[in-house]
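Counting starts at 1 for both ligands and their atoms, in listed order.
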Amino acid sequence: MMSSLKSSARPKPVLLDCDPGIDDAFAIFLALKSPEIDLVGVTTVAGNQTLPTVSNNAQDLLAFFGSPQVPVAFGEARPLRRDPVVATSHGLTGLGGRTLPRVAGEPASRDGVGFLLDTVFAHRPGELTIVAIGPLTNLARALERRPEVAQHVHEVVIMGGANNAGNMSPVAEFNFFADPDAAACVLNADWKIRLLDLTLTWQSAVPSSIAQRLARTADPIAQTFSAWLDFYSQGETTPGADGPSLHDPCAMAAVIDPSLISTVPAFVAVETQSPWTLGESVVDTAGYFGREPNVQLGTTLDREGFWRLLMGYIPGTE
Ligand code: RIB
Ligand code: CA
């Protein structure tokens, strides 16, 4: 199915909250290359790796992709209540075995939550979109400081949650597992949310033809992406598919071209107590709990359209 990318008169201002992270890197690349997006800032959060590591990675990725001017603010170093966990599938550097040229430079702020709030309120009500692709600690702290932030943003597009199978436990996905209290807080706030959980993002599994195209493309970005996919494929499995899934760029693609992802209204709760189901997102589309929907839940990804969008910006892969 061809996705009809609609060119909007003005690019959409987006703040990206992330924990780079191999798939985060693809999301940052998409945000920078798409004319639909004005990436006004990046906040980092501990997740795939420690806060210093993911923060350095965010700075280095922006420079590597040619946009060192995008402000980066360092956010929360640990979850609201639980001990930090790190992912293993991104490696000790957080970017696989690849190291990028180190950009030495002070961040725009070491108070990422304050930066996030300032960025939201520097825009008109309903103007700024937040794309959140790591644990939701920064967003939860922002709600604690200024609950009215929820009414001021256009929407929050979140990669997180697991609807029937997890990647950190039988039922939990990493971002929600790493900080379930933050996930529960964010989903309980009164803002417009599009939630893309593993059921949606596992549909993005990398086709082998794409992996082969990247591997044979000499361009440095294509080669770096190819190396990241090789590394990611060692620790990130997709049920029923032979390649890893790129979870985070699905969230950015949803902003660039909403037609790529179908959604349904749902009430989603997050388990914050049980040691067996900690971080599980419980999806109710049938009104069992008698609760109004709190998200638009991603159901179907136009996989061909997603990969056409992403590959269209990677030099030399035509
Ligand atoms: O479960 C996938 C999510 O966890 C992605 O955001 C990935 O980067 C990791 O943070
Ligand atoms: Ca991430």
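- Among the backbone and side-chain atoms of Gly134, none of the N, O or S atoms lies under 3.0 Å from the Ca ion (ligand 2).
- Every atom of ligand 1 with a heavy atom of Asp248 under 4.0 Å away is listed here by number and element: 5 (C), 6 (O), 7 (C), 8 (O).
- The atom of Asp19 nearest to the Ca ion (ligand 2) is OD1, with the search restricted to N, O or S atoms.
- Ring orientation note: the planes of Phe267 and Phe289 are nearly perpendicular, at an angle over 60° on the 30°/60° scale.
- Ligand-side atoms of ligand 1 in range of His247: 2 (C), range being under 4.0 angstrom from any heavy atom.
- Contacts between Asp24 and ligand 1 below 4.0 angstrom, taking non-hydrogen atoms only, involve the side chain exclusively.
- Between the Thr217 side chain and the Asp219 main chain, no donor and acceptor come within less than 3.5 Å of each other.
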Hey, mind stepping through Glu127 and His152 against side-chain hydrogen bond (donor to acceptor under 3.5 Å, both in side chains) and telling me if it holds? CA-CA 8 Å; Glu127 188 180 19; His152 204 85; over 6 Å; no
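- Using a 4.5 Å heavy-atom threshold, the side chains of Ile314 and Thr317 count as touching.
- In summary, Asp284 and Arg291 do not engage in a salt bridge, as defined by a charged side-chain N under 4.0 Å from a carboxylate O.
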Let me see the working for Val14 and Val40 under side chain to side chain contact (heavy atoms under 4.5 Å, CB included), right down to the final yes or no. CA-CA 6 Å; Val14 167; Val40 299; 6.0 Å; no
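- The protein heavy atom nearest to atom 8 (O) of ligand 1 is Asp23 OD1, 2.6 Å.
- If you look at Met159 next to ligand 1, the close heavy atoms, those under 4.0 Å, all belong to the side chain.
- Using a 4.0 Å heavy-atom cutoff, His90 is listed among the residues neighbouring ligand 1.
- A salt bridge does not link Arg78 with Asp179: none of the charged nitrogens is closer than 4.0 Å to a carboxylate oxygen.
- The Phe174 neighbourhood of ligand 1 comprises atoms 1 (O), 4 (O), 9 (C), 10 (O), with distances under 4.0 Å to a heavy atom of that residue.
- Counting heavy atoms closer than 4.0 Å to ligand 1, residue Thr201 contributes nothing at all.
- Taking every heavy atom of Glu173 and a limit of under 4.0 angstrom, the matching atoms of ligand 1 come to 1 (O), 2 (C), 3 (C), 4 (O).
- With sequence neighbours excluded, the residues forming a ring pair (Phe, Tyr, Trp, His ring centres under 6.0 Å) with Tyr232 are His90, listed by chain and number.
- Looking only at its N/O/S atoms, Asp248 has OD2 as the one nearest to the Ca ion (ligand 2).
- The pair Arg141-Asp111 does not meet the salt-bridge criterion, since no charged nitrogen lies less than 4.0 angstrom from a carboxylate oxygen.
- By the 3.5 Å distance cut-off applied to N or O atoms, Leu198 is not counted among the residues near ligand 1.
- Aromatic pair Phe225/Trp228: centroids less than 6.0 angstrom apart.
- Taking backbone and side chain together, Asp23 holds no N, O or S atom under 3.0 Å from the Ca ion (ligand 2).
- Annotation for ligand 1: atoms under 4.0 Å from non-hydrogen atoms of Asn175 are 3 (C), 4 (O), 5 (C), 6 (O), 9 (C), 10 (O).
- Close approach of ligand 1 to Asn167 is summarised as follows: ligand atoms under 4.0 Å from at least one heavy atom of the residue are 1 (O), 2 (C).
- Here the protein heavy atom with the shortest distance to atom 9 (C) of ligand 1 is Asn48 OD1, 3.1 Å.
- Counting only heavy atoms from C-beta outward, the side chains of Leu95 and Leu61 approach each other to under 4.5 Å.
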